[in-house]
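I have placed the structure first, in the form of structure tokens, so that the comments after it can refer back to it.
Everything numeric in this text was worked out from a predicted model, so none of it was measured.
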Amino acid sequence: MASLGRLSSKDAVLLLCDMQEKFRPNIFQFNNIVSNAARLLQASRVLGIPPIVTEQYPKGLGPTVPELGAADLKTYAKTSFTMMIDEVSKELEALGNPKQAILCGIEAHACIACTAFDLLEKGMEVHIVADAVSARSQTDRLFALSRLKQSGAFLTTTEAVLLQLVQDAKHPKFKEIQKLMLHPSPDTGLLAFFSSM
């Protein structure tokens with residue numbers, strides 16, 4: 001039976017890909033993408049979901065932006081277009097090989113796509129948070145999301161992830177998660193994607 005893609009905080013990892021200073025002026029909707037990713041990171045801390053942060057060639061592209069809220073986390077430097085470098089693979093093993101990956105960051109058609117393909121090949125369920133993923137070009141972003149959906153990744157949104165992870169207003173951490181949803185996610189230009197589906 002095909003997987004429904006129901007998220008579970010017990011078996012997930014949050015992957016935060018390459019949200020770095022030098023990308024800031026060039027990435028479509030950068031501030032909103034990082035803001036949504038920051039909410040996911042806050043939720044991961046509340047729910048005990050381990051986060052993994054990468055940086056693409058930080059010497060040239062700078063550090064992870066401070067507003068992500070990841071300053072206390074170890075970052076994995078890379079040059080490849082996948083997050084799945086040896087150190088990250090070892091980290092996943094140390095975490096007991098989670099079955100689900102919640103993936104956000106940049107760029108959709110490069111590092112997000114390559115990471116998703118590698119995770120899918122490993123047999124992991126991949127949840128791409130569409131309003132926390134972008135690229136320099138909206139065309140590349142939307143086609144990448146379409147391509148990743150064809151490959152078997154689940155497309156979702158920040159708020160949908162938050163709600164799926166708690167599942168019930170009686171969840172002991174629901175009030176803390178609810179605070180992260182006081183303001184709806186900003187429009188990041190995804191409606192064009194749905195009009196083409």
| field | Closest approach of Ala101 to Leu119 (non-hydrogen atoms, all atoms of both residues) | value | CB-CD1, 3.7 Å
| Closest heavy-atom contact between Leu103 and Met83? | CD1-SD, 3.9 Å
| Under the 3.5 angstrom rule, does the side chain of Arg24 hit a backbone N or O of Phe30 as a donor-acceptor pair? | no
| request: Give the cluster check for Met19 versus Val88: same hydrophobic cluster or not, with ILVMFWY residues linked at side-chain heavy-atom distances below 4.5 Å. | output: no
| request: Decide whether Val161 and Leu190 are clustered together by the hydrophobic rule: side chain heavy atoms of Ile, Leu, Val, Met, Phe, Trp, Tyr closer than 4.5 Å, transitively. | output: no
| task | Answer yes or no: is there a donor N or O on one side and an acceptor on the other, between the side chain of Ser134 and the main chain of Phe28, under 3.5 Å? | result | yes
| said: Within the 4.5 Å heavy-atom criterion, are Thr188 and Asn36 side-chain neighbours or not? | reply: yes
| message | Same cluster or not: Leu14 versus Leu92, using hydrophobic residues (I, L, V, M, F, W, Y) connected whenever any side-chain heavy atoms lie under 4.5 Å apart? | response | no
| field | Contact check, side chains of His127 and Leu7, non-hydrogen atoms, under 4.5 Å | value | yes
| query | Is Leu145 reachable from Leu15 through a run of I, L, V, M, F, W or Y residues, each pair having side-chain heavy atoms under 4.5 Å apart? | reply | yes
| query | Any side-chain heavy atom of Leu148 sitting closer than 4.5 Å to one from Val126? | reply | no
| Side chain Lys22, main chain Gly60, donor-acceptor under 3.5 Å | yes
| request: Go through the side-chain N and O atoms of Arg147 and Gln150 and say whether any donor and acceptor fall under 3.5 Å apart. | output: no
| Would you call Val13 and Glu91 a side-chain contact if the rule is heavy atoms closer than 4.5 Å? | no
| query | If only atom types and distance count, is the side chain of Lys122 paired as donor or acceptor with the main-chain N or O of Met124 below 3.5 Å? | reply | no
| request: Could you tell me whether the side chain of Glu159 and the main chain of Ser185 form a donor-acceptor pair under 3.5 Å? | output: no
| message | Is any side-chain heavy atom of Leu41 closer than 4.5 Å to one of Arg45? | response | yes
| field | Smallest separation among heavy atoms of Pro51 and Leu73, with atom names | value | CG-CD1, 3.7 Å
| field | pair Glu55-Leu61: side-chain heavy atoms closer than 4.5 Å | value | no
| note | Of all heavy-atom pairs linking Ile85 and Ala77, the shortest is CD1-O, 3.6 Å
| query | Hey, is the main chain of Gln100 close enough, under 3.5 Å, to the side chain of Glu125 for a donor-acceptor pair? | reply | no
| Between Lys74 and Glu87, is there a side-chain N and carboxylate O pair less than 4.0 Å apart? | no
| Side-chain contact, heavy-atom cut-off 4.5 Å: Asp18 with Ile112? | no
| request: Go through Met181 and Leu162 one step at a time and tell me if the side-chain contact (heavy atoms from CB on, under 4.5 Å) criterion holds. | output: CA-CA 8 Å; Met181 299 186 294; Leu162 299 178; 3.6 Å; yes
| query | Does the side chain of Thr158 pick up a donor-acceptor pair with the side chain of Asp131 at under 3.5 Å? | reply | yes
| query | Are any non-hydrogen side-chain atoms of Phe174 and Asp168 less than 4.5 angstrom apart? | reply | no
| Can you tell me if Gln138 uses its side chain to pair, donor with acceptor, with the backbone of Gly189 under 3.5 Å? | yes
| field | Closest heavy-atom pair and its distance - Cys104, Val129 | value | CB-CB, 4.4 Å
| Ile106 with Phe143, same ILVMFWY side-chain cluster at under 4.5 Å | no
